[in-house]
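What follows is a short report on a single structure.
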Amino acid sequence: MSVITIQVDGAKQEVESGADGFAVYKSKTVVAQRVNGALRDLAWPLQDGDSTEAVEISSPDGLNILRHSAAHVLAQAVQNINPEAKLGIGPPITDGFYYDFDVVDPFTPEDLKRLEKEMERIIRAGQRFVRRVTNDGDARTELAKEPYKLELIGLKGTDAVGDGAAEVGAGDLTIYDNNDPQSGETVWRDLCRGPHLPNTRMIGNGFSLMRSAAAYWRGNEKNKQLQRVYGTAWPTKDELRAYLERLEEAAKRDHRRLGAELDLFSFPEEVGSGLAVFHPKGGIIRKTMEDYSRQRHEESGYEFVYSPHVTKSNLFETSGHLDWYSEGMFPPLQLDEEVDENGHVRKKGQDYYLKPMNCPFHILIFKSQGRSYRDLPLRMFEFGTVYRYEKSGVVHGLTRARGFTQDDAHLFVTQEDIEVELRVVLEFVLGLLRDYGLSDFYLELSTKEEGNPKFVGDDAIWQSATATLEKVATESGLTLVPDPGGAAFYGPKISVQARDAIGRTWQMSTIQLDFNLPERFDLEYTASDGTRKRPVMIHRALFGSIERFFGVLTEHYAGIFPPWLAPVQVVGIPVAEEFNEYLGEIVAGLKKQGVRASLDVSDDRFPKKIRNHTKDKVPFMLIAGGEDRDAIAVSFRFRDGTQENAVPVADAVERILAAIRDKTQV
RNA sequence: GCCGACUUGGCGCAAUUGGUAGCGCACCGCUCUUGUAAAGCGGGGGUUGUGGGUUCGAGUCCCAUAGUCGGCUCCA
């Protein structure tokens with residue numbers, strides 16, 4: 001036997017010729033190897049001079065391999081139970097995997113249970129995943145009964161593969177056989193570029209099927225819907241359990257659930273899908289958010305404007321919205337048409353639309369008089385309520401509604417001022433988001449997609465606008481992620497993405513440059529040299545929509561709002577009725593200073609009162625009995641159950657006022 | 001919009017194969033109430049989302065419709 005020299009995890013090693021990953025890695029937690037930078041099965045034979053690195057099951061690559069292998073096992077289980085099922089694709093995704101099937105009947109929850117059992121059987125059998133190189137012709141014969149796989153073979157090597165990349169890649173066309181370890185027989189196969197776990201046993205018991213849903217083949221609405229089964233898979237049962245607990249935790253802070261529990265808002269069926277009403281407690285939070293936003297805008301040179309909710313159609317014809325986005329608008333109200341007895345139109349009617357955007361109104365305000373360079377930058381701000389006809393399947397609590405209020409501003413600036421104005425706006429946006437308690441950001445630069453007719457306007461203008469945005473974004477020091485094709489139809493944008501308390505990211509603020517609408521509306525100002533020039537518009541919203549931001553904050557805080565936002569900031573809880581008067585005076589004093597404080601004089605007993613207000617997530621509970629009254633003190637209790645006794649009243653009041661004033665969390 | 005599931009007092013849930021709609025919390029009343037996450041007793045409240053149908057009989061089966069949920073597509 002000859003000997004070859006290879007690099008194993010950076011160290012030189014001599015091994016027998018023909019050795020593979022199994023010969024090099026003995027650890028059971030190594031599931032694959034990276035050979036000369038490419039992910040390979042452990043069974044991949046190593047050549048002289050190769051460099052190989054171990055892929056641990058718990059590494060990002062390892063988890064993907066585990067999950068992709070679990071997807072194969074799922075597909076095998078489906079075809080074992082229903083041989084007529086046609087295979088779509090089955091890639092790993094964040095925290096799990098899915099596989100798409102063309103089946104006559106959609107999967108039921110009972111089906112999923114049965115599939116899990118069958119998967120367990122396959123996993124216990126310890127089937128080997130074996131890679132086999134094939135070619136177009138052979139693969140087509142072998143997979144003749146799999147129409148979707150045949151389509152993928154035809155797409156091999158093209159960009160159109162998209163999600164199918166797990167099946168066919170740039171290299172050889174490969175099929176993975178699942179071989180029974182006893183008989184050596186191939187029991188199942190799938191077109192796949194791999195790599196895979198050495199055998200199914202390594203999937204262990206850390207997997208679970210989560211749900212089924214329909215999904216369009218290759219993500220295209222015009223294609224047939226396949227039935228998708230989602231699963232999750234982890235190296236160990238404990239990690240699976242921890243994952244399910246994380247989901248449970250996220251469900252607990254779902255703003256739709258907290259909205260009902262804390263009596264913040266609701267979506268009455270009588271009003272319509274996606275249309276919220278805010279209850280008094282939610283109303284206080286919302287008003288506080290709005291008041292603070294107004295105050296900051298005022299301090300930063302914005303002027304406040306107002307515009308109506310409906311307008312004649314010509315406004316949105318000029319803006320271009322009716323051309324491109326009429327599907328997203330509520331249908332028109334047809335007014336003023338008069339028809340005579342013969343059915344002939346005597347007076348032509350007029351279409352009115354609910355506004356899906358505020359910008360055209362602000363533009364009209366700009367146009368209401370001749371503008372000079374001295375007026376610029378002109379910053380118009382409005383809490384503008386807009387209505388968008390979201391498709392019925394996409395409405396989602398406050399985060400995707402059909403009626404919502406944008407904290408919308410439009411800045412009219414000279415070409416020369418764009419950069420400095422953008423910088424100021426970005427700083428303003430980030431500062432304000434921080435005040436509301438979000439602090440972990442990155443930026444996304446949404447640009448135009450070449451060749452897509454959705455994007456209007458001159459290429460050169462797009463390029464310079466994009467370059468300016470990129471420059472400002474980069475200078476902010478935050479991470480900048482490209483988002484090709486994500487721009488608005490009228491211009492590129494920066495969006496601020498914020499991570500919440502449990503690490504989820506939300507798109508918050510957007511700052512969009514617009515060279516298009518000023519053109520369409522023929523906006524002009526007189527420059528210092530007397531010439532007429534066209535201003536540039538910057539669209540920006542911080543919250544995006546107040547409702548959505550409200551929902552995000554609710555989830556970020558899990559309903560435990562910081563005192564300045566909490567609907568009830570202080571509750572006085574007397575140990576017994578006798579102390580109502582003593583505590584009542586303290587509460588009255590707080591109220592006089594603008595604190596949202598109340599005294600619990602209900603018939604409930606003392607412990608019940610503590611329970612009630614803790615559940616309501618009131619930040620400060622002031623408790624008083626005989627000891628406290630004698631010392632002119634209170635017992636200061638917090639919603640996490642901690643308490644400080646014998647706090648002098650003046651100290652307690654000062655701490656409450658400070659927390660509210662400084663917007664700190666307690 | 002597409003696929004699937006779901007909808008029972010304010011909220012969370014029950015109701016064997018179709019056979020008298022129940023429970024907890026909340027609410028109302030009374031009694032009690034000085035120390036840290038649920039006092040006791042009593043009471044009211046639902047034509048089971050809505051509209052049709054099948055049946056001697058429908059919360060339960062069928063159709064339609066509204067809404068919700070999970071995905072897909074979409075998100076100016």
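Quick note: numbers below take in every heavy atom, side chains included, and nothing from hydrogens, waters or symmetry partners. Proteins get letters first, then strands, A, B, ... in listed order; numbering begins at 1 in each.
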Separation of U73(B) atom P from E327(A) atom CD, nearest Å, is 17 Å
* To do: Pick base, sugar-phosphate or nothing for F267(A), based on heavy-atom distances below 4.0 Å to the nucleic acid.
  => nothing
When every non-hydrogen atom of A71(A) is compared with those of G90(A), the smallest separation belongs to CB-O, 3.5 Å
Should S392(A) be listed as having a side-chain N or O under 4.0 Å from OP1 or OP2 of G1(B)?
yes
Practice problem: May I ask you to verify whether the side chain of Y216(A) and the base of G1(B) hold a donor-acceptor pair under 3.5 Å? | Solution: yes
Ring-plane angle category for Y243(A) and W234(A), please: parallel below 30°, perpendicular beyond 60°, tilted otherwise. tilted
Short side-chain N/O contact to G71(B) OP1/OP2 from S212(A), under 4.0 Å: no
From CD of E270(A) across to P of A66(B) the rounded distance in Å is 15 Å
| query | With a 4.0 Å cut-off on heavy atoms, is P356(A) in touch with a base, just the backbone sugar-phosphate, or nothing at all? | reply | base
Can you check whether R388(A) has a side-chain N or O nearer than 4.0 Å to OP1 or OP2 of C75(B)?
no
Regarding the side chain of V395(A), the nearest nucleotide among G35(B), A38(B), U68(B) is U68(B)
With rounding to the closest Å, how many angstrom separate the P atoms on G12(B) and U54(B)? 34 Å
Rounded to whole Å, the NZ-P distance (K224(A) to G1(B)) equals 22 Å
Looking only at G4(B), C72(B), C74(B), the nucleotide nearest the R400(A) side chain is C74(B)
Using atom C1' of each nucleotide, how far apart are C56(B) and G40(B) to the nearest Å?
47 Å
ask   = Any ion pair linking K391(A) and E221(A) (charged N to carboxylate O, less than 4.0 Å)?
value = yes
Taking U34(B), U73(B), G71(B) as options, the one with an atom nearest any side-chain atom of E221(A) is U73(B)
Between C69(B) and G35(B), how far is it from one C1' atom to the other, in whole Å? 45 Å
NA contact type, E261(A), heavy-atom cut-off 4.0 Å: base, sugar-phosphate, or nothing? nothing
M621(A) CE to U36(B) P, in whole Å, measures 15 Å
- Query: Using atom C1' of each nucleotide, how far apart are C2(B) and A21(B) to the nearest Å?
  - Reply: 37 Å
note: L112(A), atom CG; G71(B), atom P; distance rounded to Å ~ 14 Å
* Asked: Could K367(A) and F521(A) be counted as a cation-pi pair, given that NZ or CZ must be under 6.0 Å from the ring centre and within 45° of the axis?
  -> no
Counting primed atoms, P, OP1 and OP2 as sugar-phosphate and everything else as base, the B/S/- map of nucleotides 7-17 of chain B against protein heavy atoms under 4.0 Å is -----------
The nucleotide from C3(B), C32(B), A37(B) with an atom nearest the side chain of T614(A) is A37(B)
Checking C72(B), U36(B), C74(B) against the side chain of R637(A) (C-beta onward), the nearest is U36(B)
Scan Q227(A) against the nucleic acid and name what it touches under 4.0 Å (heavy atoms): base, sugar-phosphate only, or nothing. sugar-phosphate
message: Regarding A215(A), tell me which of base, sugar-phosphate or nothing describes its non-hydrogen contacts under 4.0 Å with the strands shown.
response: sugar-phosphate
When every non-hydrogen atom of E547(A) is compared with those of L398(A), the smallest separation belongs to O-CB, 3.3 Å
All heavy atoms of R253(A) vs all of E555(A), minimum pair found to be NH1-O, 2.7 Å
dist I610(A):CD1 -> Q643(A):CD (nearest 0.5 Å) comes out at 6.5 Å
The correct list of stems in which RNA chain B takes part (3 or more consecutive Watson-Crick or G-U pairs, distances under 3.5 Å) is B:1-7 with B:66-72, B:10-13 with B:22-25, B:27-31 with B:39-43, B:49-53 with B:61-65
Which of A26(B), U36(B), U34(B) is nearest the side chain of E578(A)? It is U34(B)
(Q) Using a heavy-atom cut-off of 4.0 Å across all strands, would you classify H613(A) as base, sugar-phosphate, or nothing? (A) nothing
Name the nucleic acid region contacted by R211(A), choosing base, sugar-phosphate or nothing; use a 4.0 angstrom heavy-atom cut-off, strictly under.
sugar-phosphate
query = Quick check, are the ring centers of Y99(A) and F101(A) under 6.0 angstrom apart?
reply = yes
**Message:** What's G272(A) touching, base or sugar-phosphate or nothing? Going by heavy atoms closer than 4.0 Å.
**Reply:** nothing
When the C1' atoms of U16(B) and C6(B) are compared, how many Å lie between them, rounded to an integer? 22 Å
Discussion item. Could you check whether any side-chain heavy atom of M537(A) comes within less than 4.5 Å of a side-chain heavy atom of F366(A), counting everything from C-beta outward?
Written reply: no
- Message: Categorize N645(A) for me: base, sugar-phosphate, or nothing, with a 4.0 angstrom heavy-atom threshold over every strand shown.
- Response: base
Per atom distances to the K391(A) side chain, the nearest of C74(B), U36(B), C3(B) is C74(B)
Result for 5'-nearest mapping on RNA chain B, choosing between I610(A) and A487(A), is I610(A)
K615(A) NZ to U36(B) P, in whole Å, measures 20 Å
Regarding F107(A), tell me which of base, sugar-phosphate or nothing describes its non-hydrogen contacts under 4.0 Å with the strands shown. nothing
query: Taking the side chain as C-beta and beyond, is there a heavy-atom pair between K617(A) and L258(A) under 4.5 Å?
result: yes
For residues 272-283 of chain A, run the donor-acceptor check on the side chains, cut-off 3.5 Å, and write out each pair with its distance to 0.1 Å, sequence neighbours left out.
from    : atom 1 : to      : atom 2 : distance (Å)
H279(A) : ND1    : D263(A) : OD1    : 2.7
H279(A) : NE2    : S266(A) : OG     : 2.8

With the side chain defined as heavy atoms from C-beta on, F606(A) is closest, among G70(B), G67(B), U36(B), to U36(B)
Check your understanding: Is it true that K224(A) and E151(A) make a salt bridge, defined as a side-chain N closer than 4.0 Å to a carboxylate O?
Key -> no
Which of U33(B), U36(B), G1(B) is nearest the side chain of Q643(A)? It is U36(B)
- Determine the Euclidean distance between corresponding C1' atoms of A26(B) and U20(B); express it in Å to zero decimal places. 27 Å
Check your understanding: Thinking salt bridges, do K493(A) and D483(A) make one under a 4.0 Å N-O criterion?
Key -> no
message = Over all strands shown, is N612(A) touching base, sugar-phosphate only, or nothing at heavy-atom distances under 4.0 angstrom?
response = nothing
Taken to the nearest whole Å, CG/D604(A) to P/U34(B) is 15 Å
- Task: Look at the side-chain N and O atoms of H396(A) and state whether any lies under 4.0 Å from the OP1 or OP2 oxygen of G70(B).
- Result: yes
* Audit row: S602(A), K608(A), side-chain hydrogen bond (donor to acceptor under 3.5 Å, both in side chains) steps and yes/no -> CA-CA 10 Å; S602(A) 69; K608(A) 182 64 178 293; over 6 Å; no
*asked:* Regarding G35(B), can its base be found pairing with the side chain of S635(A) as donor and acceptor, where the two atoms are less than 3.5 Å apart?
replied: yes
Does a distance-only test, which skips hydrogens and angles, find a donor-acceptor pair under 3.5 Å between the side chain of R256(A) and the base of C69(B)? no
Considering only heavy side-chain atoms of Q225(A), the closest of C3(B), G1(B), U34(B) is C3(B)
Practice item. For nucleotides G43(B) and U65(B), find the distance between their P atoms and express it as a whole number of Å. Key: 45 Å
